[in-house]
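Below is one structure; the comments refer to it alone.
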Amino acid sequence: MTDIESRTALITGASRGLGLALARKLAERGWALVLNARGETDLEAARAELAEETRVVAIPGDVADAEHRRALAKAARTFGGLDALVNNASILGPSPQPGLLDYPLDVLEEVYRTNAVAPLALAQAVRDELKPGARILNVTSDAAAEPYKNWGGYGSSKAALEQLSNILAAENPELRVYRVDPGDMRTRMHQEAFPDEDISDRPLPEESVPGLVELLTGDLPSGRYEARALTRANEGAR
Ligand SMILES: NC(=O)c1ccc[n+]([C@@H]2O[C@H](COP(=O)([O-])OP(=O)(O)OC[C@H]3O[C@@H](n4cnc5c(N)ncnc54)[C@H](OP(=O)(O)O)[C@@H]3O)[C@@H](O)[C@H]2O)c1
(Lines give C-alpha, C1' and ligand atoms only; values in the text may rest on other atoms or scores of the structure.)
Protein backbone atom coordinates (compact mmCIF):
# COMPACT_ATOMS: atom_id res chain seq x y z
CA MET A 1 0.00 0.00 0.00
CA THR A 2 1.37 3.42 -0.95
CA ASP A 3 1.23 6.67 1.03
CA ILE A 4 -2.29 7.95 1.48
CA GLU A 5 -1.60 11.03 -0.69
CA SER A 6 -0.80 8.88 -3.70
CA ARG A 7 -3.47 6.19 -3.34
CA THR A 8 -5.78 5.60 -6.28
CA ALA A 9 -9.12 3.78 -6.48
CA LEU A 10 -11.21 2.73 -9.44
CA ILE A 11 -14.86 2.78 -8.35
CA THR A 12 -17.59 1.58 -10.69
CA GLY A 13 -21.09 3.02 -10.45
CA ALA A 14 -19.91 6.21 -8.78
CA SER A 15 -22.51 8.69 -10.08
CA ARG A 16 -24.94 8.17 -7.17
CA GLY A 17 -25.77 5.95 -4.19
CA LEU A 18 -23.02 4.01 -2.43
CA GLY A 19 -20.41 4.51 -5.17
CA LEU A 20 -20.66 8.31 -4.99
CA ALA A 21 -20.72 8.29 -1.17
CA LEU A 22 -17.50 6.23 -1.13
CA ALA A 23 -15.89 8.42 -3.82
CA ARG A 24 -16.64 11.53 -1.71
CA LYS A 25 -15.05 9.98 1.39
CA LEU A 26 -11.93 8.82 -0.47
CA ALA A 27 -11.58 12.22 -2.18
CA GLU A 28 -11.71 13.85 1.26
CA ARG A 29 -8.83 11.56 2.30
CA GLY A 30 -6.77 12.54 -0.76
CA TRP A 31 -7.25 9.44 -2.95
CA ALA A 32 -7.11 9.94 -6.71
CA LEU A 33 -10.15 8.45 -8.42
CA VAL A 34 -11.08 6.71 -11.65
CA LEU A 35 -14.88 6.55 -11.87
CA ASN A 36 -17.56 5.29 -14.18
CA ALA A 37 -21.32 4.97 -14.68
CA ARG A 38 -23.47 4.74 -17.80
CA GLY A 39 -25.36 8.05 -17.44
CA GLU A 40 -23.07 10.89 -18.55
CA THR A 41 -24.89 13.81 -16.91
CA ASP A 42 -24.84 12.45 -13.34
CA LEU A 43 -21.29 11.14 -13.76
CA GLU A 44 -20.05 14.53 -14.97
CA ALA A 45 -21.76 16.23 -12.01
CA ALA A 46 -19.97 13.81 -9.66
CA ARG A 47 -16.64 14.39 -11.44
CA ALA A 48 -16.96 18.17 -11.27
CA GLU A 49 -17.78 18.04 -7.54
CA LEU A 50 -14.94 15.64 -6.67
CA ALA A 51 -12.41 17.50 -8.86
CA GLU A 52 -12.61 20.36 -6.33
CA GLU A 53 -10.94 18.02 -3.88
CA THR A 54 -8.76 15.52 -5.74
CA ARG A 55 -7.46 14.20 -9.06
CA VAL A 56 -10.34 12.46 -10.78
CA VAL A 57 -11.15 11.03 -14.17
CA ALA A 58 -14.66 9.89 -15.02
CA ILE A 59 -15.37 7.74 -18.05
CA PRO A 60 -18.98 7.07 -18.99
CA GLY A 61 -19.75 3.53 -20.07
CA ASP A 62 -21.16 0.14 -19.21
CA VAL A 63 -19.05 -2.23 -17.07
CA ALA A 64 -20.35 -5.06 -19.22
CA ASP A 65 -18.57 -3.58 -22.26
CA ALA A 66 -15.01 -4.88 -22.83
CA GLU A 67 -13.88 -1.75 -24.70
CA HIS A 68 -15.04 0.43 -21.82
CA ARG A 69 -13.18 -1.76 -19.32
CA ARG A 70 -10.01 -1.30 -21.38
CA ALA A 71 -10.52 2.48 -21.21
CA LEU A 72 -10.82 2.27 -17.40
CA ALA A 73 -7.63 0.17 -17.21
CA LYS A 74 -5.81 2.71 -19.38
CA ALA A 75 -6.91 5.53 -17.06
CA ALA A 76 -5.70 3.49 -14.06
CA ARG A 77 -2.29 3.15 -15.74
CA THR A 78 -2.13 6.91 -16.37
CA PHE A 79 -2.67 7.40 -12.63
CA GLY A 80 0.29 5.14 -11.85
CA GLY A 81 -1.70 2.04 -10.89
CA LEU A 82 -4.41 1.14 -8.42
CA ASP A 83 -4.52 0.61 -4.67
CA ALA A 84 -8.16 -0.43 -4.92
CA LEU A 85 -10.68 -1.72 -7.43
CA VAL A 86 -14.22 -1.30 -6.09
CA ASN A 87 -16.75 -3.25 -8.12
CA ASN A 88 -19.89 -1.45 -6.98
CA ALA A 89 -21.95 -0.96 -10.19
CA SER A 90 -24.92 -3.29 -10.31
CA ILE A 91 -28.38 -3.62 -11.73
CA LEU A 92 -31.48 -5.02 -10.07
CA GLY A 93 -33.21 -6.41 -13.16
CA PRO A 94 -36.96 -5.92 -13.62
CA SER A 95 -38.91 -3.79 -11.15
CA PRO A 96 -40.93 -5.28 -9.61
CA GLN A 97 -38.83 -8.43 -9.69
CA PRO A 98 -40.59 -11.52 -11.05
CA GLY A 99 -40.47 -15.02 -9.59
CA LEU A 100 -37.90 -17.31 -11.18
CA LEU A 101 -40.39 -19.31 -13.25
CA ASP A 102 -41.47 -16.05 -14.93
CA TYR A 103 -38.01 -14.44 -15.08
CA PRO A 104 -37.14 -13.22 -18.63
CA LEU A 105 -33.93 -15.10 -19.45
CA ASP A 106 -32.46 -12.36 -21.63
CA VAL A 107 -32.71 -10.01 -18.65
CA LEU A 108 -31.22 -12.67 -16.36
CA GLU A 109 -28.22 -12.87 -18.68
CA GLU A 110 -27.84 -9.07 -18.56
CA VAL A 111 -28.02 -9.13 -14.75
CA TYR A 112 -25.34 -11.84 -14.59
CA ARG A 113 -23.15 -10.02 -17.15
CA THR A 114 -23.31 -6.80 -15.15
CA ASN A 115 -23.25 -8.06 -11.56
CA ALA A 116 -21.02 -11.15 -11.76
CA VAL A 117 -19.06 -11.36 -15.02
CA ALA A 118 -18.14 -7.66 -15.30
CA PRO A 119 -16.47 -7.41 -11.85
CA LEU A 120 -14.22 -10.37 -12.70
CA ALA A 121 -13.62 -9.02 -16.21
CA LEU A 122 -12.59 -5.65 -14.76
CA ALA A 123 -10.22 -7.37 -12.31
CA GLN A 124 -8.70 -9.16 -15.32
CA ALA A 125 -8.47 -5.88 -17.26
CA VAL A 126 -6.64 -4.04 -14.44
CA ARG A 127 -4.54 -6.94 -13.11
CA ASP A 128 -1.30 -5.36 -14.34
CA GLU A 129 -2.24 -2.04 -12.76
CA LEU A 130 -2.77 -3.40 -9.24
CA LYS A 131 -0.03 -2.17 -6.89
CA PRO A 132 1.44 -4.49 -4.24
CA GLY A 133 -1.10 -4.89 -1.43
CA ALA A 134 -3.97 -3.67 -3.62
CA ARG A 135 -7.51 -4.50 -2.64
CA ILE A 136 -10.39 -5.71 -4.75
CA LEU A 137 -13.69 -4.91 -3.07
CA ASN A 138 -16.76 -6.53 -4.59
CA VAL A 139 -20.10 -5.19 -3.36
CA THR A 140 -22.57 -8.02 -2.81
CA SER A 141 -25.78 -8.36 -0.81
CA ASP A 142 -27.57 -10.46 1.78
CA ALA A 143 -29.77 -11.49 -1.18
CA ALA A 144 -26.76 -13.60 -2.26
CA ALA A 145 -27.52 -16.04 0.55
CA GLU A 146 -31.12 -15.55 1.71
CA PRO A 147 -34.00 -17.17 -0.20
CA TYR A 148 -36.08 -13.98 -0.52
CA LYS A 149 -39.00 -14.58 -2.86
CA ASN A 150 -38.60 -12.74 -6.20
CA TRP A 151 -34.91 -11.99 -5.56
CA GLY A 152 -33.70 -15.01 -7.57
CA GLY A 153 -32.18 -13.11 -10.51
CA TYR A 154 -30.28 -10.39 -8.64
CA GLY A 155 -29.63 -12.68 -5.64
CA SER A 156 -28.08 -15.48 -7.67
CA SER A 157 -25.91 -12.98 -9.59
CA LYS A 158 -24.58 -11.72 -6.26
CA ALA A 159 -24.09 -15.33 -5.06
CA ALA A 160 -21.91 -15.89 -8.14
CA LEU A 161 -19.97 -12.70 -7.34
CA GLU A 162 -19.47 -13.94 -3.75
CA GLN A 163 -17.91 -17.21 -4.87
CA LEU A 164 -15.87 -15.58 -7.66
CA SER A 165 -14.44 -13.28 -4.96
CA ASN A 166 -13.86 -16.18 -2.56
CA ILE A 167 -11.87 -18.18 -5.11
CA LEU A 168 -10.05 -15.15 -6.51
CA ALA A 169 -8.82 -14.55 -2.95
CA ALA A 170 -7.64 -18.16 -2.57
CA GLU A 171 -5.82 -18.03 -5.91
CA ASN A 172 -4.15 -14.65 -5.23
CA PRO A 173 -2.92 -14.47 -1.64
CA GLU A 174 -0.85 -11.38 -2.50
CA LEU A 175 -4.10 -9.45 -3.00
CA ARG A 176 -6.87 -8.67 -0.51
CA VAL A 177 -10.17 -9.65 -2.07
CA TYR A 178 -13.20 -8.55 -0.09
CA ARG A 179 -16.85 -9.29 -0.67
CA VAL A 180 -18.96 -6.91 1.29
CA ASP A 181 -22.66 -6.57 2.03
CA PRO A 182 -23.43 -2.86 2.46
CA GLY A 183 -26.87 -3.53 4.04
CA ASP A 184 -30.16 -1.94 2.99
CA MET A 185 -29.60 1.63 1.83
CA ARG A 186 -31.87 4.46 0.73
CA THR A 187 -30.85 4.56 -2.96
CA ARG A 188 -32.42 4.38 -6.40
CA MET A 189 -31.78 0.65 -6.61
CA HIS A 190 -33.51 0.07 -3.28
CA GLN A 191 -36.52 2.12 -4.41
CA GLU A 192 -36.65 0.04 -7.61
CA ALA A 193 -36.61 -3.11 -5.47
CA PHE A 194 -39.50 -1.83 -3.35
CA PRO A 195 -41.41 0.31 -5.89
CA ASP A 196 -44.53 0.80 -3.75
CA GLU A 197 -42.80 1.35 -0.42
CA ASP A 198 -41.73 4.46 1.42
CA ILE A 199 -38.03 3.71 1.95
CA SER A 200 -37.27 6.87 3.94
CA ASP A 201 -36.53 4.76 7.06
CA ARG A 202 -33.59 2.99 5.36
CA PRO A 203 -30.08 4.21 6.26
CA LEU A 204 -28.30 6.47 3.78
CA PRO A 205 -25.36 4.89 1.90
CA GLU A 206 -22.99 7.17 3.86
CA GLU A 207 -23.58 4.88 6.86
CA SER A 208 -22.03 1.94 4.99
CA VAL A 209 -18.98 3.92 3.83
CA PRO A 210 -16.81 3.74 7.00
CA GLY A 211 -16.87 -0.07 6.79
CA LEU A 212 -15.71 0.05 3.17
CA VAL A 213 -12.94 2.52 4.07
CA GLU A 214 -11.82 0.16 6.85
CA LEU A 215 -11.47 -2.61 4.26
CA LEU A 216 -9.56 -0.33 1.88
CA THR A 217 -7.16 1.08 4.47
CA GLY A 218 -7.02 -1.47 7.31
CA ASP A 219 -5.33 -4.82 7.61
CA LEU A 220 -8.27 -7.24 7.44
CA PRO A 221 -7.76 -10.55 5.64
CA SER A 222 -9.60 -11.42 2.43
CA GLY A 223 -13.14 -12.60 3.14
CA ARG A 224 -16.80 -11.66 3.51
CA TYR A 225 -17.78 -8.61 5.56
CA GLU A 226 -20.89 -6.63 6.47
CA ALA A 227 -20.09 -2.94 6.07
CA ARG A 228 -22.17 -1.60 8.94
CA ALA A 229 -21.03 -4.35 11.34
CA LEU A 230 -17.44 -3.25 10.64
CA THR A 231 -18.41 0.32 11.48
CA ARG A 232 -20.07 -0.77 14.74
CA ALA A 233 -17.03 -2.91 15.67
CA ASN A 234 -14.76 0.10 15.11
CA GLU A 235 -16.98 2.36 17.20
CA GLY A 236 -16.98 -0.25 19.98
CA ALA A 237 -13.17 -0.39 19.88
CA ARG A 238 -12.89 3.38 20.46
N1 LIG B 1 -29.36 -0.21 -1.98
C2 LIG B 1 -29.39 -1.31 -1.27
O3 LIG B 1 -30.26 -1.48 -0.37
C4 LIG B 1 -28.37 -2.38 -1.48
C5 LIG B 1 -28.38 -3.49 -0.65
C6 LIG B 1 -27.40 -4.50 -0.83
C7 LIG B 1 -26.46 -4.33 -1.83
N8 LIG B 1 -26.47 -3.22 -2.63
C9 LIG B 1 -25.41 -3.09 -3.64
O10 LIG B 1 -24.74 -1.86 -3.42
C11 LIG B 1 -24.17 -1.39 -4.66
C12 LIG B 1 -24.57 0.05 -4.91
O13 LIG B 1 -25.97 0.10 -5.08
P14 LIG B 1 -26.81 1.44 -4.90
O15 LIG B 1 -27.95 1.08 -4.04
O16 LIG B 1 -25.91 2.58 -4.56
O17 LIG B 1 -27.37 1.59 -6.40
P18 LIG B 1 -27.75 2.87 -7.28
O19 LIG B 1 -28.09 4.04 -6.43
O20 LIG B 1 -28.74 2.38 -8.27
O21 LIG B 1 -26.37 3.21 -8.01
C22 LIG B 1 -25.82 2.31 -8.93
C23 LIG B 1 -24.64 2.98 -9.62
O24 LIG B 1 -24.11 2.05 -10.57
C25 LIG B 1 -24.17 2.61 -11.89
N26 LIG B 1 -24.39 1.50 -12.82
C27 LIG B 1 -25.44 0.65 -12.86
N28 LIG B 1 -25.27 -0.25 -13.86
C29 LIG B 1 -24.08 0.05 -14.45
C30 LIG B 1 -23.37 -0.50 -15.54
N31 LIG B 1 -23.85 -1.54 -16.23
N32 LIG B 1 -22.18 0.04 -15.87
C33 LIG B 1 -21.69 1.10 -15.19
N34 LIG B 1 -22.33 1.68 -14.15
C35 LIG B 1 -23.52 1.15 -13.79
C36 LIG B 1 -25.30 3.62 -11.81
O37 LIG B 1 -25.23 4.64 -12.79
P38 LIG B 1 -25.94 4.45 -14.25
O39 LIG B 1 -27.30 3.88 -13.99
O40 LIG B 1 -25.94 5.82 -14.83
O41 LIG B 1 -25.05 3.52 -14.98
C42 LIG B 1 -25.03 4.21 -10.42
O43 LIG B 1 -23.94 5.12 -10.46
C44 LIG B 1 -24.66 -2.38 -5.73
O45 LIG B 1 -23.66 -3.35 -5.96
C46 LIG B 1 -25.87 -3.02 -5.07
O47 LIG B 1 -26.14 -4.30 -5.60
C48 LIG B 1 -27.40 -2.26 -2.49
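In this text the structure is predicted, and so the values were computed from the model without any measurement. For the numbers below, each heavy atom of this structure counts, side chains included, while hydrogens, waters and symmetry mates do not. First listed ligand is number 1; within each ligand, the first listed atom is number 1.
Annotation: M185 places an N or O atom under 3.5 Å from an N or O atom of ligand 1; distance criterion only. At under 3.5 Å, not a single nitrogen or oxygen of S141, backbone or side chain, sits near a nitrogen or oxygen of ligand 1. Not a single N or O atom of A89, backbone or side chain, sits closer than 3.5 Å to an N or O atom of ligand 1. Looking at ligand 1, you won't find any N or O of G19 less than 3.5 Å from one of its N or O atoms.
T54 contributes a side-chain N or O that, together with a main-chain N or O of W31, makes up a donor-acceptor pair within less than 3.5 Å. With hydrogens and angles disregarded, no donor-acceptor distance shorter than 3.5 Å links the side chain of N115 to the backbone of S90. Side-chain atoms of T231 never come within 3.5 Å of backbone atoms of P210 as a donor-acceptor pair (strictly under, hydrogens ignored). The backbone N or O of V139 lies less than 3.5 Å from a partner atom in the side chain of K158, making a donor-acceptor pair. With hydrogens and angles disregarded, a donor-acceptor distance shorter than 3.5 Å links the side chain of D83 to the backbone of T8.
Distance from atom 12 (C) of ligand 1 to its nearest protein heavy atom, with residue and atom name: N88 OD1, 3.0 Å. With hydrogens left out, the protein atom closest to atom 32 (N) of ligand 1 is V63 N, 3.0 Å, a heavy atom. Looking only at protein heavy atoms, the nearest one to atom 24 (O) of ligand 1 is G13 CA, 3.2 Å. The protein atom (non-hydrogen) at minimum distance from atom 15 (O) of ligand 1 is T187 OG1, 2.5 Å. Closest to atom 16 (O) of ligand 1, if we only count protein heavy atoms, is L18 N, 2.8 Å. The shortest contact between atom 31 (N) of ligand 1 and any protein heavy atom is with D62 OD1, 2.8 Å. When only non-hydrogen protein atoms are considered, atom 5 (C) of ligand 1 lies nearest to G183 O, 3.3 Å. Summary of contacts: the protein heavy atom closest to atom 47 (O) of ligand 1 is Y154 OH, 2.5 Å.
Taking only non-hydrogen atoms, the option from R202, H190, R38 nearest to atom 39 (O) of ligand 1 is R38. With atom 22 (C) of ligand 1 as the reference point, the heavy atom nearest to it among R69, R186, R16, M189 is part of R16. Relative to atom 40 (O) of ligand 1, the option among S208, G39, A46 with the closest non-hydrogen atom is G39. For atom 7 (C) of ligand 1, the candidate residues are T140, L92, N36; the nearest heavy-atom contact is made by T140.
Listed by number with element, the atoms of ligand 1 under 4.0 Å from a non-hydrogen atom of G17 are 16 (O), 19 (O). Within ligand 1, counting atoms from 1 as listed, the ones closer than 4.0 Å to a heavy atom of A14 are 43 (O). Proximity to S15 (heavy-atom distance under 4.0 Å) selects the following atoms of ligand 1: 37 (O), 42 (C), 43 (O). Applying the 4.0 Å criterion to heavy atoms of R188 picks out, from ligand 1, the atoms 19 (O). Listed by number with element, the atoms of ligand 1 under 4.0 angstrom from any heavy atom of T114 are 31 (N). In summary, the atoms of ligand 1 found under 4.0 Å from a heavy atom of V139, numbered by their order in the structure, are 9 (C), 10 (O), 11 (C), 45 (O). Each of the following atoms of ligand 1 lies closer than 4.0 Å to a heavy atom of I91: 28 (N). Atoms of ligand 1 lying under 4.0 Å from any heavy atom of D184, numbered from 1 in the order shown and given with element: 3 (O).
With respect to E197, the side chain to side chain donor-acceptor pair (under 3.5 Å) criterion is satisfied by exactly one of H190, R202, Q191: R202.
Atom CD of E67 sits in a sparse spot, with 12 or fewer heavy atoms from other residues, nucleotides or ligands closer than 6.0 Å. Counting heavy-atom neighbours within 6.0 Å of E40 CD, excluding the residue itself, gives a total of 12 or less.
Proximity of E192 to ligand 1 is not established, as no heavy-atom distance is less than 4.0 Å. Using a non-hydrogen distance threshold of 4.0 Å, G61 registers as a contact of ligand 1. A64 does not count as a contact of ligand 1, since none of its heavy atoms falls under 4.0 Å from the ligand. Residue contact check for ligand 1: A118 places no non-hydrogen atom closer than 4.0 Å to it.
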Note to self: One pair to check against salt bridge (charged side-chain N to carboxylate O under 4.0 Å, His left out): R176 and D219. What are the steps and the verdict?
What the structure shows: CA-CA 9 Å; R176 311 283 176 105; D219 199 25; 2.9 Å; yes

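V177 and I167 fall into different hydrophobic clusters, where Ile, Leu, Val, Met, Phe, Trp and Tyr residues are linked whenever their side-chain heavy atoms come under 4.5 Å apart, directly or through other members. When hydrophobic clusters are built by joining Ile, Leu, Val, Met, Phe, Trp and Tyr residues whose side-chain heavy atoms come closer than 4.5 Å, directly or via intermediates, Y103 is grouped together with I91. In the hydrophobic clustering of this structure, L26 does not group with L82; members are Ile, Leu, Val, Met, Phe, Trp, Tyr whose side-chain heavy atoms approach within less than 4.5 Å, directly or through other members. Connection of V63 to V34 is not established within any shared hydrophobic cluster, with ILVMFWY side chains joined at heavy-atom distances below 4.5 Å, either directly or through further cluster members. Both V209 and Y225 sit in one connected hydrophobic cluster of ILVMFWY residues. Membership requires side-chain heavy atoms under 4.5 Å apart, directly or through other members.
We find that E44 and R47 are joined by a salt bridge, their nearest charged nitrogen and carboxylate oxygen being less than 4.0 Å apart. A salt bridge between E162 and R224 is present, with a side-chain N of the basic residue lying under 4.0 Å from a carboxylate O of the acidic one.
Listed here is the closest heavy atom pair of S15 and L20: O-CD2, 3.7 Å.
Heavy atoms from both the backbone and the side chain of S90 come within less than 4.0 Å of ligand 1.
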